[in-house]
Protein chains: 2
Amino acid sequence: MPTIKDVAAHAGVSPSTVHYALNGKRSISPEVRQRVLASVQALDYSASAVAQRMREHRSYSLGLVAPELPASDAAMMEMLTATAATASAADHTLGIFLNQTPDQVLNLLRGQYVDGVILIETTHHDPRIEVLRGTPHPFVLIGQTGDMTGLTTVDFDFEEAFYLAFDHLARLGHRDIGFIVPHGAEEGSGERKENWYATQRGFRRAQQEHGLRAVLEPAVLDIEDGHRAALRLTARAPHITAIVASGHTHVGVLRALYSQGRRVPDDCSVIGVTTAQIAGWTIPRLTSVDLPLRQMSVTASELLLRKVGGEDVTEQVLLPAVLVERESTAPPARRPHED
Amino acid sequence: MPTIKDVAAHAGVSPSTVHYALNGKRSISPEVRQRVLASVQALDYSASAVAQRMREHRSYSLGLVAPELPASDAAMMEMLTATAATASAADHTLGIFLNQTPDQVLNLLRGQYVDGVILIETTHHDPRIEVLRGTPHPFVLIGQTGDMTGLTTVDFDFEEAFYLAFDHLARLGHRDIGFIVPHGAEEGSGERKENWYATQRGFRRAQQEHGLRAVLEPAVLDIEDGHRAALRLTARAPHITAIVASGHTHVGVLRALYSQGRRVPDDCSVIGVTTAQIAGWTIPRLTSVDLPLRQMSVTASELLLRKVGGEDVTEQVLLPAVLVERESTAPPARRPHED
DNA sequence: TTGTAGGCGTTATCAG
DNA sequence: CTGATAACGCCTACAA
């Protein structure tokens, strides 16, 4: 790779002249300009980004930091593409960092591998946040955490989401409802506790308003555990007429009901709080409160870019919940019913 | 951020002493060593990665380059996590580059934003490959392209995959089979043509071997178009007893059959060539030839890392196809049966 | 065992 | 209008 010096030598000028010929930041005589440009062509020169970044103390790249393997591929991809697009539009690069220790994340920032990071799947006591908080490094989280003072965050209104889900079922006439909730959160183990609280508040509000009887069943929020949870639920509480499923559990729930010969929504309604992509293509299509993943990512990226740009932002954005009626909910069967 | 000089000054030694104290590359008196380490602690110093990378002319990061938005979220995520993990294990960072022009990709390499790239979703005449070929920059493709001489590639044996799919149906007794094929590829428009050829070869081989009658229906390989294609297919050729679906079309196919009241596999078998994650959780579970996405990504990353490390690799890896029987295929119904 | 000096490639500042 | 110089932070001969 030729350097700016090579070009300068080739054109018989100084490095700074080459530089300014390429960046028009100061006036150059047309002839010299041509000569330089010709040399640039001849040697196929282009400036070294590393050297530039070293000089500027910036890497022009952002990091997306996810713990372990992401909970949901589809969700992660949607966030990823949206983040990549936003970063790219602002001439930034996006790096992916999975499975990093908090110190590794810190070193990413300190070593200027990235100018700022977006943290996803945050928990109540999130070591990544604790390490970053107080440092001068820009970061934004998508999610919640225990102490959010001074942090820049983007999140979804889970309280309203679950309120809407239960409210919808209640209005259809359901009273006995199964509820698949995030495993572990229940005991406040420090995992995802904030969302758990929000979820609880939404649920309780609808419960009181409509006098609902709910049966809670914890599950890891993946398809397989959703399946198991649904089987436990229907065994424990065969009288329920509807199920509220978090995350991707609804795919497993639908499968469990199908294998038991229960028809959805005739024999049992199912409603989810999940990503639209998954919800729209199950059989039957799932009525759900869709997570606005794309919007969350874009918002988070934009906030981060502003922080990286030196702006002093401490916004906390909460995106609203909207229920989308599809085909998996109906009034409970009072009397047998054919379709 | 403190520099090595700051530490040196604080400890009353020279920068090189600090350096060697931290990297044990030469002997240091215990006392000086302690003093330096104390200063490092005190100032909270850590070496700047940009400066290091500038010196070494390496960024220790790889790029994953995908055109437009990826065809399949789930597939992309699986490749992404596997690639990130492999890169990370080799102390490399992974950058994501969507929607980049061939020149942008080249500049990524030239500017040493990344040390090498993995190209996915390659086409017959892939401008990205044409631009990179002949440059000294390391790159690996996952997929095929027109002229593969000298390239390092990883791909899946699509010929065998489709052969196995048709062979499986033929052995079950099916003779009239619907085949949802990649749209556009048929006409050799330059898109994905290589896989199309392989697909055709596999299909033709099974067809001749078993005397199959197939009805081809082109579709973009997503859920929605799979749905439409299945509707067209069953309208044109109601006598088919099985459908072979590429990519994620099977989800749409299942939905189409469901909405028509055709039971799978009783009234119509469905077999896919797709990712295991999707295949395993449809209703019914899909019999399919699963794409070994994880393995492809790991192999590609490892090859790329070797190239980046200076090794001279021009391997072309073809991963084998394996059929997994689940629940969506069965012998065709010989006698009429209520529908 | 430790310090000095030079270079990686770019760019800003200061002379000319 | 153009050229020389220094500095970004690190690493490594080479010298002491």
Side-chain angles (χ1 to χ4, degrees), chain A residues 1-40 43-61 91 107-115 136-137, chain B residues 1-40 43-61 91 107-115:
Chain A
M1 284 285 104
T3 75
I4 199 170
K5 283 186 188 169
D6 298 324
V7 178
H10 186 275
V13 296
S14 80
S16 46
T17 302
V18 175
H19 176 74
Y20 289 113
L22 290 172
N23 295 268
K25 300 251 172 184
R26 82 182 184 190
S27 31
I28 300 261
S29 71
E31 0 159 25
V32 175
R33 184 164 216 293
Q34 286 318 313
R35 196 146 39 93
V36 170
L37 259 36
S39 298
V40 167
L43 301 186
D44 191 26
Y45 164 80
S46 73
S48 156
V50 259
Q52 291 175 320
R53 290 182 288 178
M54 142 113 170
R55 238 194 141 273
E56 294 191 51
H57 301 291
R58 286 188 56 173
S59 64
Y60 291 97
S61 71
D91 276 310
N107 282 337
L108 247 32
L109 270 335
R110 295 178 47 119
Q112 306 180 55
Y113 264 101
V114 295
D115 296 332
H137 304 293
Chain B
M1 284 285 103
T3 75
I4 199 171
K5 282 187 189 168
D6 298 324
V7 178
H10 186 276
V13 296
S14 80
S16 52
T17 302
V18 175
H19 176 77
Y20 290 116
L22 290 173
N23 295 270
K25 299 253 172 183
R26 82 181 183 191
S27 32
I28 300 260
S29 72
E31 358 159 24
V32 176
R33 185 164 216 293
Q34 285 319 313
R35 194 144 41 93
V36 170
L37 260 34
S39 298
V40 167
L43 301 186
D44 192 25
Y45 165 82
S46 74
S48 155
V50 259
Q52 290 175 318
R53 289 183 289 179
M54 142 117 173
R55 248 197 123 265
E56 295 191 49
H57 300 290
R58 285 187 58 172
S59 64
Y60 291 98
S61 72
D91 275 311
N107 282 336
L108 245 34
L109 269 336
R110 293 179 48 117
Q112 305 179 56
Y113 264 103
V114 295
D115 296 331

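The chains referred to below are lettered A, B, ... by the order of the sequence lines, with proteins before strands, and numbering in each begins at 1.
- Considering only residues two or more places apart in sequence or on other chains, B/Arg110 meets the salt bridge (Lys or Arg N to Asp or Glu O under 4.0 Å) condition with A/Asp44.
- For A/Asp6, the salt bridge (Lys or Arg N to Asp or Glu O under 4.0 Å) criterion is met by no residue, not counting sequence neighbours.
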Within the 4.0 Å limit for protein heavy atoms, which parts of nucleotides 9-16 of chain C are touched? Write it as a string from 5' to 3', B for base, S for sugar-phosphate only, - for none.
BBBBBB--
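- Nucleotides of DNA chain D that come within less than 4.0 Å of any heavy atom of chain A span, from the 5' end to the 3' end, D/dC1 to D/dG9.
- Nucleic acid contact class of B/Val50 (heavy atoms, under 4.0 Å, all strands): none.
- When the side-chain contact (heavy atoms from CB on, under 4.5 Å) test is applied to B/Ala49, the partners found at least two apart in sequence or on another chain are A/Tyr113, B/Gln52, B/Arg53.
- Under the side-chain contact (heavy atoms from CB on, under 4.5 Å) criterion, A/Ala51 pairs with A/Ser48, B/Met54, sequence neighbours left out.
- Partners of B/His19 according to the side chain to side chain donor-acceptor pair (under 3.5 Å) rule, which considers only residues two or more places apart in sequence or in another chain, do not exist here.
- Remark: A/Arg58 engages A/Asp115 in a salt bridge (Lys or Arg N to Asp or Glu O under 4.0 Å) (not counting sequence neighbours).
- Looking at residues two or more places apart in sequence or on another chain, you find a ring pair (Phe, Tyr, Trp, His ring centres under 6.0 Å) between A/Tyr60 and A/His92.
- A pairwise comparison of heavy atoms in A/Ala21 and A/Ile28 identifies N-CD1, 3.8 Å as the closest pair.
- Remark: A/Arg26 pairs with no residue by the salt bridge (Lys or Arg N to Asp or Glu O under 4.0 Å) rule, at least two apart or across chains.
- Defining each end axis of the helix from C/dT1-D/dA16 to C/dG16-D/dC1 as the rotation carrying four pairs' C1' atoms onto the next four, with five pairs an end, the two axes are found to diverge by 50° to 10 degrees.
- Within 4.0 Å (heavy atoms only), B/Val13 reaches sugar-phosphate atoms of the nucleic acid but no base atom.
- Partners of B/Ser16 under the side chain to side chain donor-acceptor pair (under 3.5 Å) rule, at least two apart in sequence or in another chain, are B/Ser14.
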